[in-house]
Amino acid sequence: MPFQDSTPHRAFLTFAVILFGLATGRLNAFDGAEVVSYYGFDDCIRLYNDDINVVLCPAAGGRVLEYSRDGKNVLSLSPEGEGWSSSDPQNDGSAERPLMDAGRFDIGPEKLINRGEVLWSGKWDAEITGNRSARLTSQYDPKSGVRLVREFQLHETTSQLRCSQTTINESKERVNVCHWGRTFAVGGGIVVVPRTANDRFPSGYVMYEGGRNMQLHPKDSNILVDPKTVVVTGPPKHAKLGFDSHAGWFAYLAPDDHMFVKRFKTFPDRPYNEIAGLTVSVWYPQKDRVELEPIGPAELLKPGKRATFVEQWWLLPYEFPSSTTSSSPNTSSPEEINLSDIRKIVARQTRAAGKEPGTIISPEVHEDRRVTFRFSGLESKSVNVMLNHRPTPLKRDADGVWKVTTKPMSPGVHEYVFEVDGVRVTDPRNRWLKKWFQCASLFEVPSDDPLLTQQSDVDHGVVHRHVYQSQTTGGQRAAVVYTPPNYDINAAEPYPLMVLCHGHGDDETAWTEVGRAHLIFDNLIAAGKITPMVVVMPNGHPVDLQQHPWSEEYHIKNAKTFVKDVIEDVVPMIERQYHVSDDPQRKAITGLSMGGGHSIMMAMDHPKEFAWVGAFSAAAPGEPFAEDHPEWIPASEGDRSARKLFWIGCGVDDFLLERNHQFVEQLKLHSIPHTYVETAGSHSWNVWREYLPTFTQLLFR
C-alpha cells in the first residue's frame, strides 16, 4: 500500500535515488527501500512493505523516526525536535537541545560511560544495503572510543524489524560498554514484562527514586505483579523501573490498538554492568511518552574488537483495554488485560531475535574466523553440515533453529551443503552458490592481509556475457568476457588475449562467481603487475552433460569438441568484437582440472595457436603422448622458442597429483621446456585462486 502520513507537519518527498547512490557509493536497485525527506530531515531512508513503514534518520543520531502499521506510528516524536541537528551552526550550545526521542539506541552503562554527542545527535552515514534493509554508521566518538553501526532489515510481509547495533572499539584502550536500547514510544499504553525463575528482585522489579536511591520492595497502584508477569498500567510514583527478566521479550500495548513487542537475547551467565544488573528498563519522563529499554551484557572490548546486540521489533494488532481508572486518564485497569492472551500472541506471532524466517544469518563468519551455520527446519530430526565434504552435526536450540559453530577456519573460499534427514540441500539463507553437478553453498573467510580476490578501491574492468551461435555444435553457447579498466577499442596496440577454462561440471561463470578472476585482474592491473588483457571464459561442456559425463568416452569427445569450438567459434568471435591481438605471441590459454586438460590438448592439437600455456591441477594425459602428437615435440630450436611458457601447478594433496607427475616425466623425457610448481593444498578453489595470479604475472613479457 502507498505510504500515508498521518501528521500534517511531516512531508514525504522522494529524492532522486541515484543521487543518494552516488553520495554513498551505492546505487539503489532494491525493493521496499527509498530515500525520503521526513520530520524536517533530508536523506532519510524509508523501509516498507504492504503494511509497515520504517523511517531511519542519519542526520541526527541514527534514530528510527517511524515504525508504523497502517499509518499509526508507535514511536514518540516531539514537535520541537523536527529538523534539529547538532551540526547546524545555529546550535552552538547556547540553546537548550530539544527532546531526542523516537527509536533511539545507545551505549551504557548510564552515568558511567563517557559518551559524546556525535553518537547521540550527530550526523551518521547511511546506505541502502538490500531489499528493505539499510545500514547507519556513526562518526568515531573520541570520548567513548567507539564507533556504532546499526543495521535494519524489515521482513517482506510481516512487521518484523531486525535492529542490530555493533559497537566497535577504535581507541587504543580497552572499553567496557553495553547495549542500551532506548526507544521512546507514544504514551498512555501498558507495559507487560514476563518474569523468569531466576528473577533476583523480590517484587519482580525495582524502582529508582532518583540519584542513587533504589526501592527493592516497591509498591505502586499502577503496577500489577503476579508470579509470571509485571504489568505497568501507567506512570509510577518514580519514573524509572528495572527488571531482571530473561524471557527475551517484553510488550507494550499502545493506545492505538497495537502491541509493540521487543525480542532480544539475554545472557544469564554473563555480567550486566548496569548498576542493578538490569536486562530491561522502563522509564516515564515528563512528556507523554515511555522509554522501552532492552539492556545488553557487559562487553569488555580490546582495541579493534567489536560486539553486536540484536533487537527484534514486532508491531501486531491488539485491541487496547477500554476502561481506565479515575485517578489518571493515562492509566488502564489491570482487570482489562488478558495476560494469557498476550503470551499466546507473542509465542505464535514472534520468535526470538535472529531466529525468524528471513532473518536467520547463515553462514555467519566471525572475526576470529569461526563460522556459524544455521538451519530452520523445525520438523527435521537431524541436520549435518557437509563442510568441505566432511559432516558436522548441528544441534537444535530452544527456538527450533539448528546451529553449529566451527573452530577457526583458514582464509579463503569454502563450500558446504546441509544434510537434512539424509537429503542434501543448499543453504536457503545463502545466495552464493557453486553451480556444479550438485550445487553447493559458498562462503569466504577473510585474511588479515587483503586477498587479491577481495574487492578493492581500484579501477574495475567489465564482465560481459555473450551468447553465440556455435558452428561446431550447431547450437547456442555462452562465454564470459573480461575487459580491463579503461578498455579502449581504439588503442594503438591490440590487447593480449587469454582463454581461461573451468573445471568439470562447472560453467562459464565459475571463474568470476567462485574464482573472483575479475577482481584478481583488477588488483594486479592496478598494482602494475600484469599487462591489461582481454580474458574469455568459455563454457567447457560443448557436449551435453547428460551423455555419461564421468566416462572416459565423454571426456575425449568433449575435449576435442571444446578445442574445435574455441579455435573456430570463440576466438574468431572475440577477434571480431574486441580489440585483441591475433598474434600467437600475445595469446594465452590456461585452466583448472578439466580446463587444464583442455589447455594441454589445445597446445598439442594447435601448437602454434597459443605461445603461453598453463595447467592448474590438470586432468593431464594419462598415457605417453609422443606417438599421437609428434608435432608437439620440438624438433628444432625455432620450435622451442615459439612457445614462451608452459606452466604446470598442482597441490600436494590433489587427487590428480600422480597424474601430473607422470605427465611432467613425459615432458622431461622429450625435452619439452616447462615450469612445474607443487604447492600445499588439494583440488580446490583456494589453490587455483593462487595459481591464476602467479601464472598471469608471467605472461606477455
Side-chain angles (χ1 to χ4, degrees), residues 41 44-45 47 54-67 74-77 81 86 99-127 129 133-141 143-154 160-169 175 177-185 249-250 252 260-266 272-274 278-283 285 289-299 301 306-315 353-354 359:
F41 297 103
C44 293
I45 294 179
L47 309 178
V54 177
V55 181
L56 311 174
C57 176
R63 291 180 287 167
V64 185
L65 297 181
E66 175 157 333
Y67 180 46
V74 74
L75 305 181
S76 170
L77 281 177
S86 61
L99 293 174
M100 300 295 287
D101 50 7
R104 302 214 59 89
F105 302 91
D106 200 358
I107 52 175
E110 191 175 40
K111 301 184 185 301
L112 296 179
I113 190 165
N114 186 16
R115 183 250 300 137
E117 291 297 310
V118 296
L119 301 182
W120 179 249
S121 57
K123 182 175 176 58
W124 291 42
D125 293 328
E127 181 182 13
T129 55
S133 64
R135 179 185 300 117
L136 303 183
T137 305
S138 78
Q139 305 168 48
Y140 170 64
D141 176 25
K143 288 189 176 181
S144 63
V146 306
R147 186 188 304 272
L148 300 181
V149 179
R150 295 173 186 159
E151 303 214 33
F152 301 89
Q153 174 73 62
L154 177 64
Q160 172 194 72
L161 178 66
R162 186 179 190 273
C163 315
S164 74
Q165 175 167 270
T166 299
T167 305
I168 308 169
N169 181 6
V175 174
V177 296
C178 67
H179 177 85
W180 213 258
R182 309 182 74 167
T183 301
F184 291 92
W249 68 271
F250 65 92
Y252 180 67
F260 180 18
V261 179
K262 279 196 174 192
R263 274 198 176 274
F264 50 95
K265 188 174 182 179
T266 66
Y272 282 73
N273 54 2
E274 192 276 341
L278 305 180
T279 61
V280 175
S281 175
V282 176
W283 179 52
R289 55 189 181 136
V290 57
E291 186 178 67
L292 309 171
E293 293 187 274
I295 298 175
E299 302 285 0
L301 301 180
R306 63 182 63 198
T308 300
F309 190 90
V310 177
E311 294 187 22
Q312 201 72 34
W313 293 7
W314 299 79
L315 194 55
T359 62

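Keep in mind it's a predicted model, so treat the numbers as computed, not measured.
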Novice: With Phe152, which residues qualify under ring pair (Phe, Tyr, Trp, His ring centres under 6.0 Å), at least two apart?
Specialist: none
Novice: Closest approach of Leu292 and Phe250, non-hydrogen atoms and distance?
Specialist: CB-CE1, 3.7 Å
Novice: I would like to know whether Ile107 and Ile113 meet side chain to side chain contact (heavy atoms under 4.5 Å, CB included); could you show each step before the answer?
Specialist: CA-CA 8 Å; Ile107 52 175; Ile113 190 165; 3.8 Å; yes
Novice: Starting at OH of Tyr272, measure out to OG1 of Thr279 and round the result to the nearest 0.5 Å.
Specialist: 6.5 Å
Novice: Would you call Leu75 and Leu65 a side-chain contact if the rule is heavy atoms closer than 4.5 Å?
Specialist: no
Novice: Which residues pass the salt bridge (Lys or Arg N to Asp or Glu O under 4.0 Å) test with Arg150, not counting sequence neighbours?
Specialist: none
Novice: What heavy-atom pair brings Gln160 and Gln312 nearest, and what distance separates the two atoms?
Specialist: CG-NE2, 3.0 Å
Novice: Got a second to check how far Phe184's CZ is from Leu77's CG, nearest 0.5 Å?
Specialist: 11.5 Å
Novice: Just do the ring pair (Phe, Tyr, Trp, His ring centres under 6.0 Å) check on Phe105 and Phe309 with the steps written out, would you?
Specialist: CA-CA 11 Å; Phe105 302 91; Phe309 190 90; 9.4 Å; no
Novice: Identify the residue among Trp249, Tyr67, Tyr252 that makes a ring-ring contact (aromatic ring centres under 6.0 Å, His included) with Trp313.
Specialist: Tyr67
Novice: Testing the basics here: between Gly145 and Asn169, what is the closest heavy-atom pair and its distance to 0.1 Å?
Specialist: O-OD1, 3.2 Å
Novice: Side chains of Asn273 and Leu112, heavy atoms from C-beta outward: is any pair under 4.5 Å?
Specialist: no
Novice: Which atom names give the shortest non-hydrogen contact between Phe260 and Thr183, and what distance separates them?
Specialist: CE2-CG2, 4.1 Å
Novice: Measuring from atom OG1 of Thr166 to atom CZ of Arg147, what distance do you get when rounded to the nearest 0.5 angstrom?
Specialist: 13.0 Å
Novice: If I take atom CD1 from residue Ile168 and atom CG from residue Asp141, how far apart are they, to the nearest 0.5 angstrom?
Specialist: 13.0 Å
Novice: With a 4.5 Å limit on heavy-atom distance, are the side chains of Leu119 and Val146 in contact?
Specialist: yes
Novice: Taking all atoms of both residues into account, what is the closest heavy-atom pair of Phe41 and Ala59, and its distance?
Specialist: CD2-CB, 3.7 Å
Novice: Do Cys178 and Ile295 make a side-chain contact, defined as non-hydrogen atoms from C-beta onward lying under 4.5 Å apart?
Specialist: yes
Novice: When you measure from the side chain of Lys262 to the backbone N and O of Pro294, does any donor-acceptor pair fall under 3.5 Å?
Specialist: no
Novice: Determine whether Val175 and Ser144 make a side-chain contact, defined as any pair of heavy atoms from C-beta on separated by less than 4.5 Å.
Specialist: no
Novice: Kindly determine whether Asp101 and Arg63 satisfy side chain to side chain contact (heavy atoms under 4.5 Å, CB included), including the steps that lead there.
Specialist: CA-CA 8 Å; Asp101 50 7; Arg63 291 180 287 167; 4.0 Å; yes
Novice: Minimum heavy-atom separation for Leu136 and Ala126, please, with both atom names.
Specialist: CD2-CB, 3.4 Å
Novice: Which residues satisfy the side-chain contact (heavy atoms from CB on, under 4.5 Å) test with Glu151, sequence neighbours excluded?
Specialist: Arg135, Val149, Ser164
Novice: Is there side-chain contact between Thr167 and Leu148, with heavy atoms separated by less than 4.5 Å?
Specialist: yes
Novice: Can you tell me how far apart NE2 (His179) and CD (Glu293) are? Round to the nearest 0.5 Å.
Specialist: 9.0 Å
Novice: If you round to the nearest 0.5 Å, how far is NZ of Lys143 from CH2 of Trp120?
Specialist: 14.0 Å
